[in-house]
Amino acid sequence: MLLLSIIILLSLRSVECHLNNACKTYYDYLTIFVNPNCFYIPDNNDDVLNIIKRQTGVGEAHHVSTEDGYVLRLFRIPRQNPKEVILLQHGISQDAKAWVSQNNDSIAFLLWKSNYDIWLSNSRGTFYSQNHVSYKSSSEEFWNFTFHEKGYYDNKAVIEYIKTITKVSKIVYVGHSGGTTSSFVYASTRPEEAADSLKLIVALAPVTFLKYYKTPLIETLFRSVQFLMKNNLHKQFRVYSVFHHNSLFFKLVRFINRFFVFKKVIIYLSSLFLGWTPHEFDPNYVNLMVDQFGSAVSMKNLAHFYQLADAEKFQYYDYGEKENLKHYGTEQPPTYPLQNIKTPILLVYSVNDILSQEQDVEFLYSILPPEAKVCGKMKINGLNHGDFYYGVHRNEMIYNKIIDLLEDQVSNCLNIQN
Ligand SMILES: *[C@@H]1O[C@H](CO)[C@@H](O)[C@H](O)[C@H]1NC(C)=O
Ligand SMILES: *[C@@H]1O[C@H](CO)[C@@H](O)[C@H](O)[C@H]1NC(C)=O
């Protein structure tokens, strides 16, 4: 009891003081405040722009408006005369912080140090992008979107803005998970424009077809959302979005995490959702990972993902037969015209990722047109869905290879295109 009180007291103090919040091994966390293998990372719970400026000495914030009135915040780690301009697009329940939450070893900084101009987007509704020209962020109208609008409107606006500011003709899009879903919407519904603006889409842990995903926990979440929305209960309770970063739930999670020293348990828990590779997670970043998780998601978006799994198709939002007739002129929602894509896409997936399943990604690859496949695909062993950010081997397995590809050392696929 005494020990527990001391730990609680110390952890409360650690919120204000510069007490250790990271350790080299899980074992070190047990004695985190006195262990020489533990240290303090100021990035925990800090603003993305502060983190960028602290780690790189530069950093900018920009605002972009979409055609349908959302105001998105963009962060930039600028680089003069860069080799390429790269847009990093996070996935569901995350925001730009995902790419800078690995201390000085973050993916955004790795790419920036390799001479790329880095842009980090924040999708509509997430922590940094909760403004609209006419809707309040508490209204039902504000949350009336899915990955469809993120692809059709957000991606368009952000990519055009970056091209205007940097004056380059084509940029590179790197998306993870839900950030790949919206890129497939963008590249298939605006095929000419996407091919004109994007040199390459790197799709990390791609999510389009969800026939084989195997997560009872996520399935339960999806089913609950479906039930709520079918019965219009979300309107009654005015719950149009979930996973708000500053919700009581996430505040509590972060608070408990501070004094919970058995960090391996947290990694076991997350592995249940993401794929069983607990040995791969880098122990240095447990607190950073917990702190960045949670950025608002619309209920409609969750429902749309569930529909993909249910229908085993990559299709538009299903409003029900009567409403579908009004929206699409057909009783069934149309599927996204992936065959129209003209942009090169590199699919990167891992066999241990239970959300982005090998069979689903291989099926996606099989139906992409030849123009989209010039750079092929990358199959990885040993990473789960989250290890794309936090895995010990992420750089050697993924990011160094992407840099090689962009620098033409392994393949000239991008030159064949242009
Ligand atoms: C990050 O910082 C640590 C400690 O200051 C240092 O040992 C390590 O080499 C740095 N890593 C990178 C990628 O710069
Ligand atoms: C949501 O958007 C759809 C079109 O995308 C529209 O038909 C519907 O009326 C909107 N609902 C609300 C509540 O704004």
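Computed from heavy atoms alone, side chains included, the values below leave out hydrogens, waters and symmetry copies.
Under the 6.0 Å distance and 45° angle rule, Arg73 does not count as a cation-pi partner of Tyr128.
Applying the side chain to side chain donor-acceptor pair (under 3.5 Å) criterion to Asn257, with sequence neighbours excluded, gives Lys263, Asn287.
For the 3.5 Å distance criterion, the side chains of Glu362 and Tyr349 qualify, holding a donor opposite an acceptor. Using modelled atom types, one finds a donor on one side chain and an acceptor on the other under 3.5 Å when comparing Arg223 with Tyr306. Ser295 and Asp95 share a side-chain donor-acceptor pair at under 3.5 Å. Under 3.5 Å, the side chains of Glu219 and Tyr213 contain a donor-acceptor pair of N or O atoms. Side chain to side chain, Asp43 and Gln55 meet the donor-acceptor criterion of an N or O pair below 3.5 Å. Between the side chains of Ser182 and Asp154, no donor N or O sits under 3.5 Å from an acceptor N or O.
Using the six-membered ring where Trp is involved, Tyr135 and His132 have ring planes that are parallel, under 30° apart on the 30 and 60° scheme. By the 30° and 60° cut-offs, the orientation of the rings of Trp143 relative to His244 is perpendicular. Relative orientation of the Phe147 and Tyr336 rings is tilted, given thresholds of 30° and 60° on the angle between their planes. Using the six-membered ring where Trp is involved, Tyr319 and Tyr317 have ring planes that are perpendicular, over 60° apart on the 30 and 60° scheme.
In this structure, Lys113 places its NZ atom where more than 12 heavy-atom neighbours from other residues, nucleotides or ligands lie under 6.0 Å away.
Inter-residue side-chain proximity for Gln89 and Ser123 is flagged as met; some heavy-atom pair is nearer than 4.5 Å.
The main-chain N or O of His385 is found under 3.5 Å from a side-chain atom of His176 such that the two form a donor-acceptor pair. In terms of modelled atom types and a separation under 3.5 Å, the side chain of Ser106 and the main chain of Ala108 share no donor-acceptor contact.
Across Leu288 and Asn103, no two heavy atoms sit closer than the pair CD1-N, 3.7 Å.
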